[in-house]
Amino acid sequence: MTGSSIYFPPSLQRYEPRRMVFSTWVDHLPFAYDLVEVLRPKLVVELGVYNGLSFFTFCQSMQENDIDGVAYAIDCWEGDEHTDAYDDSIYNEVAAHARDYYRGITYLLRMYFNEALQHFEDDSIELLHIDGLHTYDAVKEDFTNWYPKVKPGGIILFHDVMARIKDFGAWKFFQELEVEHEEIFKFDHGFGLGVLRKPGGQDEDSQLQQLLFSQDEEERKKLRQFYVHAAHFLEARRQAKRFKAQLGDKNAQGGQGKAKPTGEN
Ligand SMILES: C[S@@+](CC[C@H](N)C(=O)[O-])C[C@H]1O[C@@H](n2cnc3c(N)ncnc32)[C@H](O)[C@@H]1O
């Protein structure tokens, strides 16, 4: 995408989501997978986990890309005004998945975000995802409390920055950040995903980071389009796989179903 170089990230080459559950996060899975691959974070923190779609995408990328880091999932697992209350089965499922696939690299902190703050040092988190309650005040509070915990050069993701429903206000808070910050990017497909880089840090930029924080709006537009297509591509591949599996089932049933003609032994 930049000049003559082709952008061909790992999400296109080899990513098959291991856990797929209903969530509006589905539109951003390829990007999340690629972002983790380039950041190679030692510490990932998610605020607002629910059934784990975004969280386990980060974990899967860490594992498949041999990243030596840990990921913390923080949620009261009670629900909020926007998800509504839910029962313990959600937490139990997430805990079982973490145990089955990501033992030793994931930690679930079942508590309120403010209670978890004390467990993290300032300037320590390399990837922070803010996805709790989506009112303006709640997103602002989560950002204000957790920003000091993010390492200079670290990335903060904000989900639902395009959702203008009910009393959602992540979009409004993110618009304010866009005025104040230079290295900031917004995916506007699905419910929207905001990406902000905390100033500082020494690391050399990957191609993805160069595109995200490019000053060239054309480059940024192409990146946005790229991940719209990547999400469609992933979904199409999953559908094709399901279809193939169903066909396989039918053929197998057909095989068994070829009952011997009556009377034959
Ligand atoms: C939108 S959901 C998270 C969605 C998830 N990231 C996904 O991939 O689908 C928000 C979650 O944040 C949790 N939550 C909201 N406010 C919270 C707070 N202050 N402390 C702890 N959990 C909170 C809710 O329990 C809910 O499970």
Side-chain angles (χ1 to χ4, degrees), residues 11 15 17-36 44-62 71-98 101-102 106-120 125 127-147 149 155-171 173-174 187 189-195 227 231 234-235:
S11 65
Y15 171 51
R18 187 179 276 154
R19 178 174 169 82
M20 197 41 111
V21 282
F22 174 78
S23 164
T24 54
W25 231 95
V26 70
D27 300 289
H28 305 295
L29 301 183
F31 171 70
Y33 188 89
D34 294 336
L35 180 69
V36 168
V44 176
V45 172
E46 177 165 272
L47 307 177
V49 184
Y50 192 26
N51 52 23
L53 187 61
S54 52
F55 183 70
F56 288 123
T57 305
F58 302 140
C59 297
Q60 186 176 342
S61 182
M62 286 170 78
Y72 285 81
I74 309 174
D75 199 306
C76 54
W77 275 286
E78 291 170 354
D80 57 42
E81 292 151 42
H82 294 151
T83 59
D84 287 336
Y86 50 79
D87 64 27
D88 269 355
S89 61
I90 303 276
Y91 172 77
N92 293 338
E93 245 187 62
V94 168
H97 191 79
Y101 295 102
Y102 305 108
T106 58
Y107 297 93
L108 309 189
L109 304 185
R110 191 174 191 178
M111 57 179 73
Y112 293 108
F113 302 152
N114 290 352
E115 295 172 315
L117 265 174
Q118 58 176 316
H119 298 296
F120 297 88
I125 300 171
L127 177 61
L128 174 71
H129 176 214
I130 298 180
D131 197 14
L133 180 62
H134 289 96
T135 60
Y136 174 88
D137 288 342
V139 177
K140 185 172 183 171
E141 183 183 341
D142 293 341
F143 176 77
T144 309
N145 287 341
W146 286 84
Y147 187 74
K149 305 289 181 187
I155 296 283
I156 304 150
L157 298 179
F158 301 77
H159 190 222
D160 284 337
V161 290
M162 292 303 287
R164 294 192 180 211
I165 47 171
K166 301 190 221 165
D167 59 345
F168 278 45
W171 64 270
F173 182 64
F174 196 74
F187 287 104
H189 64 292
F191 277 51
L193 187 73
V195 186
Y227 277 107
L234 184 67
E235 183 47 29

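As the structure lists them, so they are numbered: ligands from 1, and atoms in each ligand from 1. What you see is a predicted model; the values in this text were computed from it and never measured.
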Closest approach of any protein heavy atom to [atom], naming residue and atom:
atom	result
atom 15 (C) of ligand 1	Asp80 OD2, 3.2 Å
atom 4 (C) of ligand 1	Asp131 OD2, 3.3 Å
atom 22 (N) of ligand 1	Cys76 N, 3.2 Å
atom 19 (N) of ligand 1	Phe113 CD1, 3.5 Å
atom 7 (C) of ligand 1	Ser23 OG, 3.6 Å

Okay, side chain of [X], backbone of [Y]: is any donor-acceptor separation there less than 3.5 Å?
X	Y	value
Arg19	Asn51	yes
His189	Asp27	yes
Gln60	Arg18	yes

Side chains of Trp146 and Val45 in contact at under 4.5 Å (non-hydrogen atoms):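 The answer is yes; the side chains approach within 4.5 Å.
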
Would you say [X] has any N or O atom under 3.5 Å from an N or O of ligand 1, going by distance alone?
X	value
Ser54	yes
Gly48	yes
Ile74	no
Gly79	yes
Thr83	no
Asp75	yes

Ser11 versus Asp34, side-chain donor and acceptor atoms under 3.5 Å: yes

His134 versus Asp160, side-chain donor and acceptor atoms under 3.5 Å: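 On atom types as modelled, these side chains qualify, holding a pair under 3.5 Å.
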
Proximal ligand 1 atoms for Met111, defined as those under 4.0 Å from one of its heavy atoms: 21 (C)

Enumerated ligand 1 atoms positioned under 4.0 Å from heavy atoms of Leu133: 15 (C), 16 (N)

Residue list, side chain to side chain donor-acceptor pair (under 3.5 Å) with Thr144, at least two apart or on another chain: none

Salt bridge flag under 4.0 Å for residues Glu115 and Arg110: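 No, this pair does not count.
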
Options Glu81, His134, His82, ranked by nearest heavy atom to atom 1 (C) of ligand 1, top entry: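 Checking each option, the heavy atom nearest atom 1 (C) of ligand 1 is found in His134.
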
Parallel, tilted or perpendicular: rings of Phe187 and Tyr227 (30°, 60°):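 If you compare the ring of Tyr227 with that of Phe187, the planes turn out perpendicular.
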
Test applied, ring-ring contact (aromatic ring centres under 6.0 Å, His included); reference residue, Phe158; option that passes from Phe174, Trp171, Phe168, Tyr136: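 Only one option passes, and that is Phe174.
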
4.0 Å heavy-atom contact, Tyr86 with ligand 1: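 Tyr86: in contact with ligand 1 (<4.0 Å).
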
